[in-house]
Structure formats: structure tokens, C-alpha cells
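What follows is a single structure, written as C-alpha cells, with notes after it.
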Amino acid sequence: MKIQMVDLSGQYKKIKKEIDNAVIEVIESSAYINGPKVHEFQESLEKYLDVKHVIPVANGTDALQIALMGLGLKPGDEVIVPAFTYVATAEVIALLGLTPIMVDVDPDTYNLTGDILEKAITSKTKAVVPVHLFGQTADMEDIVEIAKKHNVAIVEDNAQAIGSVYTFRDGTKKQAGTIGDIGTTSFFPAKNLGAFGDAGAIFTNSDELANEMRMIANHGQSKRYYHDRIGVNSRLDSIQAAILNIKLKYLDDYAAARRKAADYYDEAFKDIAEIQTPVRSKNSTHVFHQYTMRIKNGKRDELNQFLNSRKIPNNIYYPVPLYKQEAFSHLAGAVDFLPVTDMLCKEVISLPIHTEMTEEIQKVITDAVKSFF
Ligand SMILES: *Cc1c(COP(=O)(O)O)cnc(C)c1O
């Protein structure tokens, strides 16, 4: 039995006919760029997310960059970002000459909170990029309240939590990525809604921001060969759109399969005091992009080696906090100590989770973990 971190080929086999037909249709149509499939997928995703505008782009990093460009920020403006995330989130901030202000996260949800945000706001703060890490939505109600109070724009990095639903105190529900001013996502193959190559999208309910970001993604062009501003070239490929449009129909089933696998792990580890299984936040569903637990006895690296020696895939997301990365060391606003982020980088470990998990596979994994403790 081969155990994998993600089983993309198993997932493909179940819907092979549908996918193959859609891909062949695009090839035969020769509408490779901005073909009808791109528009179809855009509309399906708008409906699924209940958001006014989806702007398909080439990948999740471009989506973040175009979102920040759309806000019209100026060099030196501060953008608050959690230090416990994938590099892309902070990279685009620095790339645009903005100042990333890296902050800590909550030790249970690994996400930004309203309190952490409020403490980091200065007169230069223009935006915040909460990341819905590992599959659950950050506490957006508090974040929105504080951002509004200080006139700070919100770009949600929803690369890892598409399909996660957030519930407000009055019972209103919204999809992750549709709560702030702009949301972005990635359809990198291993993400919860994965293409067969690079792909991404931006979401917003603002007509004005949508127009601006569509223009930026298309060379700053307002009408053909008339360029109003400096933009980029970031398009979703028609073949990827055709694939994504099919996989979107299964996204909720995929999330349910991931949740079921997470439940199995939770149950298997519930009596091991050294393991903190993922804490599920009260106001967000969890779509388990990763099953990331904390090893609280200082033996995370030993467990990592033990599992590797038994050929059980596992990963450390993330081993180094962003503020300690060489690439960010020279930036203004640098911090030198974020206790929760530092602790998480030493304690977290992620186990295989995907849509094709079986109890047989999970038993091998959980038996190995249990035998370590
Ligand atoms: C994957 C990811 C991105 C980048 O997406 P790409 O499509 O690989 O460019 C950005 N932010 C987070 C949190 C991610 O996990």
C-alpha cells in the first residue's frame, strides 16, 4: 500500500471521463485563451461563493499581487500579515514596495485575530491580509470590525480554505474569501480545488475594485490597445477552467471526505496528551486543506524522522517563520520575536489528508504515530 500526502491521480480516476471530455472539447475548439470555459467557470464560482465578481487569474500569488495593486497602495504603506503562512502572502507585499508588518497568530487556530490586528495598526497601515490557514476561516467578524474602525482594507488569502463557511454572531453565513474587500485563492493542484497546473482567482463584491483588478490582470487595458495603467498579464487558461468547472461540483464532497479523515485522526489521537489535534473554531467550518497537529513534548522533529523512516509521508508547514527568512530580513518594520509563531514552527506536523483516504491507510498512519508515543 502506497501512502501519499495527497492522492491526485486517485481523485482524477473517479471523474476521468468527464474531465477528459471537457479537455478535449477545449482542444478541439482551439479557444485556449479566454475561451467560453473561462466564463462558465467564473459564473459557476460566483454562484458557489455567492459573490458578485470572480476574476480568474494565472495563480494564487498573482491573485494576491493584483488585489494589492487594485487597492492603489503606495510604497511605504504598511500591510499587516501573519508570519505563520506560506511565503507568497508576504512576498507580493514586499514586491510592490509596500511594508509587510508581520504579526503573530492564535495558538489554537493558527490564524490572525482581531486583537492581534488592532495592536499592530499604525497611522501607516493601509491593508491587512488575513490567511485562512489549513482550511478554516480566521475570525473575520472581529477582523472586519477593527479594520473598518481604522479604515484598513482587507484582502483575504483564501488559498487554503475555499468552501469553508464562516458564521457571524447574528447567524449570517458567508463563504471564506467573500467577507473582506477582496478575497484571493489558488487552484494549485494540491489545493482543495486543484487544477491540473497553475491557476487562481480573485473575488469581490465591489464593482469598482472588480473593474480595476480586471484591467490590471489584462495589461492595464481599458479597451483593446488602450492602456490606462501599468498592469500584468495574468490569465486563467481555458483548459484549467474546464477542469475546475467540473471539480467545483464535487468541492463540498471533497471537503466532507477530508473532514471524515480528520475525524478519524482526532479519535485515534484523543488519549495522547502530547498531541494537540487541530482545534476547530466555533464560527467556521474546517475544510482540512491540511491536518496539522502540535506535538507538545519537544519531540516533533523526532516524530518527523520516525515517520520518514517508516515511509509514512508527513510535512512541516511551516518550519521557519516568515520574519526569520533571509528574504525579509532587511525590510523596514521587521520584528524579532513572535512567540506563538516561533512555537508553532517547532511544534506543528501535518499528516496525509486528501479526498481518497481509506480507513486502512489511516490505520497504518495512526498506528505508526501511536507507536512513537
Ligand atoms: C498556495 C498558496 C498561495 C500561492 O498560490 P500559487 O497558486 O501557488 O501562486 C498563497 N497563499 C497561500 C496561503 C497558499 O497556500
Side-chain angles (χ1 to χ4, degrees), residues 5-6 8 41 45 54-69 79-96 100 102-103 105-106 109-112 127-138 140 143 154-164 176-177 180 182-203 213 217 232-237 239-241 243-244 247 258 284 286-292 315-323 325 327-328 341 344-345 348 350 353-354:
M5 225 29 215
V6 215
L8 297 179
F41 172 60
L45 192 56
V54 164
I55 302 158
V57 294
N59 58 67
T61 309
D62 276 7
L64 283 162
Q65 181 180 332
I66 294 163
L68 291 169
M69 288 172 79
V79 180
I80 294 171
V81 58
F84 190 63
T85 177
Y86 182 58
V87 66
T89 322
E91 186 176 36
V92 293
I93 299 170
L95 197 64
L96 293 171
M102 296 188 189
V103 296
V105 291
D106 178 83
T109 63
Y110 316 145
N111 276 331
L112 180 67
V128 57
V129 188
V131 181
H132 305 316
L133 204 70
F134 302 147
Q136 62 185 346
T137 319
M140 288 305 290
I143 290 172
I154 302 173
V155 176
E156 301 172 66
D157 181 348
N158 195 30
Q160 300 189 4
I162 193 156
S164 165
I182 305 172
T184 66
T185 201
S186 164
F187 306 118
F188 181 82
K191 299 282 156 85
N192 284 34
L193 179 57
F196 290 8
D198 276 308
I202 306 171
F203 329 129
M213 293 189 292
V232 297
N233 170 22
S234 191
R235 291 185 287 243
L236 173 67
D237 184 281
I239 290 180
Q240 301 306 337
I243 293 165
L244 288 166
K247 291 185 74 178
R258 287 170 177 275
S284 164
H286 204 321
V287 295
F288 286 99
H289 175 57
Q290 299 295 345
Y291 185 88
T292 305
N315 253 320
I316 312 294
Y317 304 114
Y318 297 94
V320 182
L322 288 188
Y323 76 96
Q325 297 281 358
F328 294 106
T341 298
L344 292 176
C345 288
V348 290
S350 302
I353 195 156
H354 52 74

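For clarity, every value in this text was computed on a predicted model and none was experimentally measured. Below, each value reflects all heavy atoms present in this structure, side chains not excepted, and no hydrogens, waters or symmetry copies. Every number for a ligand or one of its atoms is a count from 1 in the order of the listing.
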Side chains of L45 and I162 in contact at under 4.5 Å (non-hydrogen atoms): yes
G60, any N or O under 3.5 Å of ligand 1 N or O: yes
Per-residue contact class, D157 against ligand 1 - non-hydrogen pairs under 4.0 Å: side chain
Nitrogen or oxygen of Y318 less than 3.5 angstrom from that of ligand 1: no
Atom indices of ligand 1, in the order listed, that fall short of 4.0 Å to a heavy atom of T89: 11 (N)
Protein contact to atom 2 (C) of ligand 1 [nearest heavy atom, distance to 0.1 Å]: K191 NZ, 2.7 Å
Atoms in ligand 1 flagged as close to N59, the criterion being non-hydrogen separation under 4.0 Å: 7 (O), 9 (O)
Atom 4 (C) of ligand 1 - nearest protein heavy atom and its distance: T61 OG1, 3.5 Å
Geometric class of the Y317/F134 ring pair [parallel <30°, tilted 30-60°, perpendicular >60°]: tilted
Heteroatom proximity flag, D198 to ligand 1, N/O under 3.5 Å: no
Any H289 heavy atom less than 4.0 Å to ligand 1: no
Validation row: R258, N192 side chains within 4.5 angstrom (heavy atoms): yes
Exercise: identify the closest heavy-atom pair between L112 and I143: O-CD1, 3.8 Å
Under 3.5 Å: N/O of T85 near N/O of ligand 1: no
Side chain Q240, main chain F196, donor-acceptor under 3.5 Å: yes
Ligand 1 atoms in contact with A88 (distance to a heavy atom under 4.0 Å): 4 (C), 10 (C)
Plane angle bin for Y318 and Y86 - parallel if under 30°, tilted between 30 and 60°, otherwise perpendicular: tilted
Geometric N/O contact Y86 with ligand 1, under 3.5 angstrom: no
K247 side chain reached by F187 side chain, heavy atoms, under 4.5 Å: no
